[in-house]
Undergrad: 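Before we start, here is the structure in question, set down as structure tokens.
In the text below, chain A, chain B and the rest are named by the order of the sequence lines, each starting its count at 1.
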Amino acid sequence: MAEAKAYYITTPIYYVNDKPHIGHAYTTLACDVVARFMRLDGRDVMFMTGTDEHGQKVEKSAQAAGVEPLAFCDGVSQNFRDLSPLLNFSNDGFIRTTEDRHTVASQAIWRAMADNGDIYLDSYAGWYSVRDEAYYAEDELSDGANGEKLSPFGAPVEWVEEPSYFFRLSQWQDRLLAYYDEDPGRILPQSRRNEVISFVKSGLRDLSISRTSFKWGVPVPGDDAHIMYVWVDALTNYLTAVGYPDTEAEDFKTYWPADVHMVGKDILRFHAVYWPAFLMSAGLAPPERIFAHGWWTVEGQKMSKSLGNFIPPQDMVDKYGLDQTRYFMMRELPFGNDGNFSHTAMVNRMNSDLANDFGNLAQRVLSMINKNCAAAVPAPGLLTVDDSALLVPARELVDGIRAAIEEQAIHQALAALWDVVGEANRYVDAQAPWALKKTDPERMATVLYVLAEVIRHLAILAQPVVPDAAARLLDQLAVAEEQRSFATLGEAAMLQPGTALPKPQGVFPRYAGSEDDA
RNA sequence: GGCUCCUUAGCUCAGUUGGUUAGAGCACGGGAAUCAUAAUCCCGGUGUCCCCAGUUCGAGUCUGGGAGGAGCCA
């Protein structure tokens, strides 16, 4: 077998000051779907997520809670770790920036950048907002009710003047532009790429990358008075996870550079500008791609603290089901766009697409086999043109889906899958196996065999998005656990006539309703 | 203020390098069928393709201007 190209995909590491909501779940879910797809397609996958635990905001929150920062982080980090079992995420690891190995990696990349002449000591003065973790110019500020200065996001700011190390970002403009130029898919979606390029073209200023005003972070090597700017530390997690600074480590050689950093659009600049510059400065390869996805609104409104309309992922899973929730988030909107969550849309998706189209297709076919073919895979006769018209596209489906997943167009992959679901339902009606039962039982067996094969393909290809339901479907087709990768698609591992099948059971229930429905 | 993207059927969106009667899904109405999770299948749209002007034999698709929305930056 040809050597499978390794695939490294990451979520951002989530800031422990937040509670997980569907926004976090969404990012990780998208990565999970891509990671599962790649594994099934024979790739050697590394899928990482984790938590970002340093910074002044965390230090203050811990203080307010009356606990040590690390103890505070232990608690909140666990909330994010709990997302994996809840949403069936298949991440290969979970990294915390408070781990020792991460301190080592962060200090190593700092030294590498310093050795390259890109770090110098100067001083920084400006209006700083702890809440926003950003400096502002005088003219960006507004006056609050009591005459105090406020950041553009309404956060309090304070005048800060402190010594700071700087990264010579200004020296990297041309090399960054060349890096974007190498590959039109470097930053996706396209409009985000345009924004980044225009930002870089407008000129880059050196970046302040250390603080002396707090202690909760990674100390600058050789100067303990300074703590690394949280983003230097946070971004480095992607390296820590694969063994950096040991560039001879097996994981590092296998997985670096990352194939995709999945991010929310709010943190694109850190990933698409600062991070590649840091890496190139340190003599490391920059990532292949940064994909910035959009935001969810809820019933047409932004999620916000003041509205209190954050949806905990647990609530969705409890109310609609795990696979239904996963399917909805991946299908409802073009991946990369903003989208809206509404109860109505959710129920439509789970009833129409999952229960009526896919679920019912499987149920009607498996029931007929169960009742009319002695509960075993039927033996097909010669295939007709109609049979091939359904079967061939199903066998070739993986090619189109692979192309879509390669560019994280997950909604497109699902649309392609459901095209075949629709074709299969039409085929059932056109062939009317319930009529053949009386007139031509052999032909009925062929039709049902073709359908069973098509459902096998659909279930195998649906595994990345709806892993539980797909597994139950494959169980009902008596497909062995080790016969579920994409290598079994086509004619490689066709269903064997005579194989006994269990009694079919629906895998996608319709929405049952609930008292609190509007 | 500069820049980017968006504006296509009630809703969510597709629409390759400009080319015949502009598409899909959902919702809605009618019909068929009865294997199946009250599921499936078929039929049904006179949509100012945001507006104006231009290029062209021909523009939803290109150019300029304008309106509305989202975003990046200053």
Undergrad: How about A:Tyr327 and A:Tyr320: are their ring centres within less than 6.0 Å of each other?
TA: no
Undergrad: When you measure from the side chain of A:Met368, which nucleotide among B:rU37, B:rC35, B:rC26 comes out closest?
TA: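 My answer, after comparing the listed nucleotides, is B:rC35.
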Undergrad: As a check on the pairing definition, encode RNA chain B in dot-bracket form, counting Watson-Crick and G-U wobble pairs whose two distances are under 3.5 Å, and using | for partners outside this strand.
TA: (((((((..((((.....[...)))).(((((.......))))).....(((((..]....)))))))))))).
Undergrad: B:rC26 P sits how many Å from A:Asp419 CG, rounded?
TA: 12 Å
Undergrad: Could you give the distance separating B:rU4 and B:rG44 at their P atoms, to the nearest angstrom?
TA: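 Approximately 43 Å lies between the P atom of B:rG44 and that of B:rU4.
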Undergrad: Are any of the side-chain nitrogens in A:Arg364 or A:Asp429 under 4.0 Å away from the carboxylate oxygens of its partner?
TA: yes
Undergrad: Should the pair A:Arg402-A:Asp41 be classified as a salt bridge under the 4.0 Å nitrogen-to-oxygen rule?
TA: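 Yes, A:Arg402 and A:Asp41 are salt-bridged.
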Undergrad: With respect to the side chain of A:Ser352, which nucleotide from B:rA27, B:rU40, B:rC35 is positioned closest?
TA: B:rA27
Undergrad: Give the rounded distance in Å between these two atoms: CG of A:Leu354 and C1' of B:rA39.
TA: 14 Å
Undergrad: What integer number of Å spans the C1' atoms of B:rA38 and B:rG19?
TA: 47 Å
Undergrad: May I have the distance from A:Asn348 (atom CG) to B:rA27 (atom P), rounded to whole angstrom?
TA: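 It is 6 Å, rounded to the nearest whole Å.
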Undergrad: Check whether any side-chain heavy atom of A:Thr325 lies under 4.5 Å from a side-chain heavy atom of A:Pro313, and answer yes or no.
TA: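 With C-beta onward as the side chain, the pair stays apart.
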Undergrad: Are the side chains of A:Leu40 and A:Ile460 in touch, meaning some heavy atoms are under 4.5 Å apart?
TA: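 They are not in contact (no side-chain heavy atoms under 4.5 Å apart), so the answer is no.
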Undergrad: Please state how far atom CD in A:Gln173 lies from atom C1' in B:rC73, giving the value in whole angstrom units.
TA: 14 Å
Undergrad: Show me the donor-acceptor pairs within less than 3.5 Å that the side chains of residues 464-473 of chain A make with the rest of the protein, sequence neighbours left out.
TA:
| residue | atom | partner | partner atom | Å |
| --- | --- | --- | --- | --- |
| A:Asp468 | OD1 | A:Asn88 | ND2 | 3.3 |

Undergrad: Any carboxylate oxygen within less than 4.0 angstrom of a Lys/Arg side-chain nitrogen, looking at A:Glu288 and A:Arg186?
TA: yes
Undergrad: How far does the P atom of B:rU34 sit from the matching atom of B:rA24, given to the nearest Å?
TA: 28 Å
Undergrad: If you assign each of A:Asn356 and A:Asn372 to its closest nucleotide in RNA chain B, which residue comes earlier from the 5' end?
TA: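 Upstream on the strand: A:Asn372.
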Undergrad: Listing request: all ring pair (Phe, Tyr, Trp, His ring centres under 6.0 Å) pairs with a residue in residues 187-207 of chain A, at least two apart in sequence or in separate chains.
TA: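 Qualifying pairs, neighbours excluded: none.
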Undergrad: Starting from P on B:rG25, measure out to CD on A:Glu332 and report it in whole angstrom.
TA: 16 Å
Undergrad: Using distance alone, with no hydrogens and no angle criterion, decide if A:Tyr427 and A:Asp387 have a side-chain donor and acceptor under 3.5 Å apart.
TA: yes
Undergrad: Do any of residues 378-394 of chain A sit with a heavy atom less than 4.0 Å from RNA chain B, and if so which?
TA: none
Undergrad: Atom CD of A:Glu423 to atom C1' of B:rA24: distance rounded to whole Å?
TA: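 After rounding, the reported distance stands at 13 Å.
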Undergrad: Which residues, if any, of residues 458-469 of chain A bring a heavy atom under 4.0 Å of RNA chain B?
TA: none
Undergrad: Apply side-chain contact (heavy atoms from CB on, under 4.5 Å) to A:Ile405 and list each qualifying residue two or more places apart in sequence or on a separate chain.
TA: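 Only A:Val34, A:Phe37, A:Met38, A:Ile401, A:Ile410, A:Ala413 meet the side-chain contact (heavy atoms from CB on, under 4.5 Å) criterion with A:Ile405.
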Undergrad: Taking the minimum atom-to-atom distance to the side chain of A:Arg269, which one of B:rG71, B:rC73, B:rU40 wins?
TA: B:rC73
Undergrad: For the P atoms, the ones on B:rA33 and on B:rU20, what distance do you get once it is rounded to whole angstrom?
TA: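 It works out to 39 Å between them.
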Undergrad: Considering only atom P, compute the distance from B:rG31 to B:rA9 and round it to an integer number of Å.
TA: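 The same atom, P, in both gives a distance of 29 Å.
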Undergrad: If we ignore angles and hydrogens, is there a donor and acceptor under 3.5 Å between the side chains of A:Gln408 and A:Arg289?
TA: yes
Undergrad: It should be established whether A:Lys371 places a side-chain nitrogen or oxygen under 4.0 Å from OP1 or OP2 of nucleotide B:rA36.
TA: yes
Undergrad: By side-chain contact (heavy atoms from CB on, under 4.5 Å), which residues pair with A:Ser123, not counting sequence neighbours?
TA: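 With sequence neighbours excluded, A:Ser123 shows a side-chain contact (heavy atoms from CB on, under 4.5 Å) to no residue whatsoever.
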Undergrad: Would you please say whether a donor-acceptor pair under 3.5 Å links the side chains of A:Gln171 and A:Asp118?
TA: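 Result is no, nothing qualifies.
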Undergrad: Can you confirm whether the side chains of A:Tyr165 and A:Ser208 place a donor and an acceptor under 3.5 Å from each other?
TA: no
Undergrad: Taking only residues two or more places apart in sequence or in another chain, which ones pass side-chain contact (heavy atoms from CB on, under 4.5 Å) with A:Pro20?
TA: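 Partners of A:Pro20 by the side-chain contact (heavy atoms from CB on, under 4.5 Å) criterion, ordered by chain and then number, come out as A:His24, A:Asn79, A:Phe80, A:Leu83.
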Undergrad: Would A:Trp296 and A:His21 count as a side-chain hydrogen bond (donor to acceptor under 3.5 Å, both in side chains) if you check the C-alpha gap in whole Å, the side-chain angles of each, and the deciding distance to 0.1 Å?
TA: CA-CA 11 Å; A:Trp296 283 96; A:His21 54 71; over 6 Å; no
Undergrad: Excluding sequence neighbours, so at least two apart, what forms ring pair (Phe, Tyr, Trp, His ring centres under 6.0 Å) with A:Tyr274?
TA: A:Phe270
Undergrad: Can you check the A:Arg510 CZ to B:rC26 C1' distance for me, whole Å?
TA: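 Result: 14 Å.
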Undergrad: Hey, does the side-chain of A:Asn360 have a donor or acceptor N/O within less than 3.5 Å of a partner on the base of B:rA36?
TA: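 Answer yes: a donor N or O sits under 3.5 Å from an acceptor.
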Undergrad: Write out a two-atom table: protein N or O, nucleotide N or O from nucleotides 3-8 of chain B, distance below 3.5 Å.
TA:
| residue | atom | partner | partner atom | Å |
| --- | --- | --- | --- | --- |
| B:rU4 | O3' | A:Asn194 | ND2 | 3.3 |

Undergrad: Taking B:rU12 as the reference, what is the distance to B:rA39 when you measure between their C1' atoms (whole Å, please)?
TA: 23 Å
Undergrad: Scan side-chain atoms only and decide if A:Tyr229 and A:His54 contain a donor-acceptor pair under the 3.5 Å cut-off.
TA: no
Undergrad: When rounded to the nearest Å, what value does the distance between P atoms of B:rA22 and B:rG45 take?
TA: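 After rounding to an integer number of Å, I get 12 Å for this pair.
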Undergrad: Taking only the C1' atom of each, what is the distance from B:rU21 to B:rU37 in whole angstrom?
TA: 40 Å
Undergrad: Tell me what A:Asp357 touches on the nucleic acid: a base, only sugar-phosphate, or nothing, going by heavy atoms under 4.0 Å.
TA: sugar-phosphate
Undergrad: Hydrogens and angles aside, do A:Thr11 and A:Thr27 bring a side-chain donor and acceptor to less than 3.5 Å of each other?
TA: no
Undergrad: Is there a side-chain hydrogen bond (donor to acceptor under 3.5 Å, both in side chains) between A:Ser210 and A:Tyr124? Walk through the geometry before answering.
TA: CA-CA 10 Å; A:Ser210 76; A:Tyr124 197 97; over 6 Å; no
Undergrad: How close or far is atom C1' of B:rU34 from atom CG of A:Leu361, stated in whole angstroms?
TA: 16 Å
Undergrad: Using a strict heavy-atom distance below 4.0 Å, which residues from residues 425-449 of chain A are in contact with RNA chain B?
TA: A:Asn425, A:Arg426, A:Asp429, A:Trp434
Undergrad: Would you indicate whether the side-chain heavy atoms of A:Thr49 and A:Phe89 approach each other to under 4.5 Å?
TA: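 No. Closest side-chain heavy atoms not under 4.5 Å.
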Undergrad: Produce the list of close N/O pairs, under 3.5 Å, pairing protein atoms with atoms of nucleotides 13-15 of chain B; give distances to one decimal.
TA:
none

